[in-house]
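Presented below is the structure to which this report refers.
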Amino acid sequence: YLATQILDILALAFEAAPTDMPEGPSLAQAAVRRRALAYIDRRISDAALDPAMVAAAIGVSTRYLHRVFESSETSVSTHIRAKRLQRSREDLSDEQRSISEIAIRNGFANQSSFATSFKKEFGVSPRSVRAARTEDRDRS
């Protein structure tokens with residue numbers, strides 16, 4: 001675990017400008033956050049993905065993971081949900097997939113929960129987004 005933290009901190013140091021580097025404990029937290037975000041990106045389609053799974057996968061406690069995300073504007077769960085919704089929105093342009101398939105592919109338990117979350121986030125239903133994209137394509 002310590003070796004992983006050291007490698008993460010070194011990676012951050014090489015990728016960031018000197019003025020962008022956090023100091024002290026926040027440097028370690030930045031490395032943990034980066035690993036968590038990468039893991040979430042890789043596993044976003046897994047319906048079981050939750051903060052406990054992320055924490056276990058990157059070798060930290062769930063409590064510490066939540067603490068790391070406290071300084072950002074979103075919680076771990078909110079980030080997972082937002083990522084799923086954004087990817088789903090992009091997938092709606094693929095008319096070969098049904099809305100149910102898109103929902104399942106992006107980690108939602110069913111189309112109903114997906115549609116409810118989608119409308120709450122974007123103010124329109126997934127069907128409306130798909131219909132608007134189809135109309136735009138047909139006009140072109």
Side-chain angles (χ1 to χ4, degrees):
Y1 176 72
L2 183 58
T4 303
Q5 279 190 326
I6 291 169
L7 289 174
D8 285 341
I9 291 169
L10 287 172
L12 277 174
F14 283 112
E15 291 175 5
T19 56
D20 294 339
M21 289 295 293
E23 295 178 9
S26 60
L27 181 59
Q29 288 181 350
V32 167
R33 188 170 197 283
R34 182 172 168 240
R35 282 198 344 256
L37 293 174
Y39 182 79
I40 290 167
D41 284 347
R42 287 191 311 272
R43 300 294 303 261
I44 199 67
S45 61
D46 185 345
L49 182 66
D50 66 359
M53 179 188 280
V54 174
I58 65 170
V60 298
S61 71
T62 305
R63 184 175 180 192
Y64 183 70
L65 181 66
H66 284 299
R67 192 172 339 137
V68 165
F69 273 77
E70 276 178 8
S71 62
S72 68
E73 295 177 12
T74 60
S75 69
V76 182
S77 297
T78 301
H79 178 79
I80 291 169
R81 187 178 138 279
K83 194 79 168 168
R84 285 180 170 153
L85 288 169
Q86 187 58 45
R87 192 168 120 181
S88 297
R89 188 176 191 176
E90 293 164 6
D91 287 351
L92 286 170
S93 61
D94 179 1
E95 294 179 25
Q96 301 301 316
R97 286 197 173 112
S98 70
I99 292 176
S100 290
E101 284 177 274
I102 291 170
I104 300 301
R105 179 179 183 265
N106 289 295
F108 290 92
N110 56 55
Q111 183 177 346
S112 177
S113 65
F114 165 62
T116 301
S117 294
F118 192 94
K119 187 162 187 168
K120 184 177 178 183
E121 179 74 17
F122 300 115
V124 293
S125 71
R127 288 196 193 289
S128 297
V129 170
R130 176 164 275 174
R133 288 185 178 172
T134 301
E135 285 177 25
D136 289 345
R137 191 197 70 230
D138 290 345
R139 278 189 235 146
S140 300

Under a 4.5 Å cut-off applied to non-hydrogen side-chain atoms, are [X] and [Y] in contact?
X	Y	result
Tyr64	Val32	yes
Pro51	Phe69	no
Val68	Val60	no

List for me each residue that meets side chain to side chain donor-acceptor pair (under 3.5 Å) alongside [X], sequence neighbours excluded, and say none if there are none.
X	value
Arg33	Ser72
Arg81	Glu121
Ser100	Gln111

Starting at [atom1] of [X], measure out to [atom2] of [Y] and round the result to the nearest 0.5 Å.
X	Y	atom1	atom2	result
Asp46	Arg84	CG	CZ	7.5 Å
Asp41	Ile80	CG	CD1	10.5 Å
Asn106	Gln86	CG	CD	10.5 Å

So, for [X] and [Y], which heavy atoms are closest and what is the spacing to 0.1 Å?
X	Y	answer
His79	Thr74	CB-OG1, 4.0 Å
Asp94	Arg130	O-NH2, 2.8 Å
Ser98	Glu101	N-OE1, 2.9 Å
Pro126	Leu92	O-CD1, 3.8 Å

Inset, instruction - Please assess Arg87 against Ser45 for the test side-chain contact (heavy atoms from CB on, under 4.5 Å), listing each intermediate value before the final yes or no. - result: CA-CA 10 Å; Arg87 192 168 120 181; Ser45 61; 3.9 Å; yes

So if you build clusters from Ile, Leu, Val, Met, Phe, Trp, Tyr with side-chain heavy-atom gaps below 4.5 Å, do [X] and [Y] land together?
X	Y	result
Val129	Phe108	yes
Leu49	Leu65	yes
Ile99	Ile104	no

Inset, instruction - Applying side-chain contact (heavy atoms from CB on, under 4.5 Å), run through Phe118 and Ile102 and close with a yes or a no. - result: CA-CA 12 Å; Phe118 192 94; Ile102 291 170; over 6 Å; no

Inset, instruction - Please report the C-alpha distance between Arg67 and Glu70 in whole Å, then the side-chain angles of each, then the deciding distance to 0.1 Å, and finally whether the side-chain contact (heavy atoms from CB on, under 4.5 Å) criterion is met. - result: CA-CA 5 Å; Arg67 192 172 339 137; Glu70 276 178 8; 4.1 Å; yes

Legend entry - Ser113 (side chain) donor-acceptor with Asn110 (main chain) under 3.5 angstrom: yes

Inset, instruction - Quick one: list whatever passes salt bridge (Lys or Arg N to Asp or Glu O under 4.0 Å) with Arg105, sequence neighbours left out. - result: Asp91

Inset, instruction - Please identify each residue that fulfils ring-ring contact (aromatic ring centres under 6.0 Å, His included) with Tyr39, with sequence neighbours left out. - result: none

Inset, instruction - Give every residue pair that meets the side-chain hydrogen bond (donor to acceptor under 3.5 Å, both in side chains) criterion with at least one member in residues 49-63, sequence neighbours excluded. - result: none

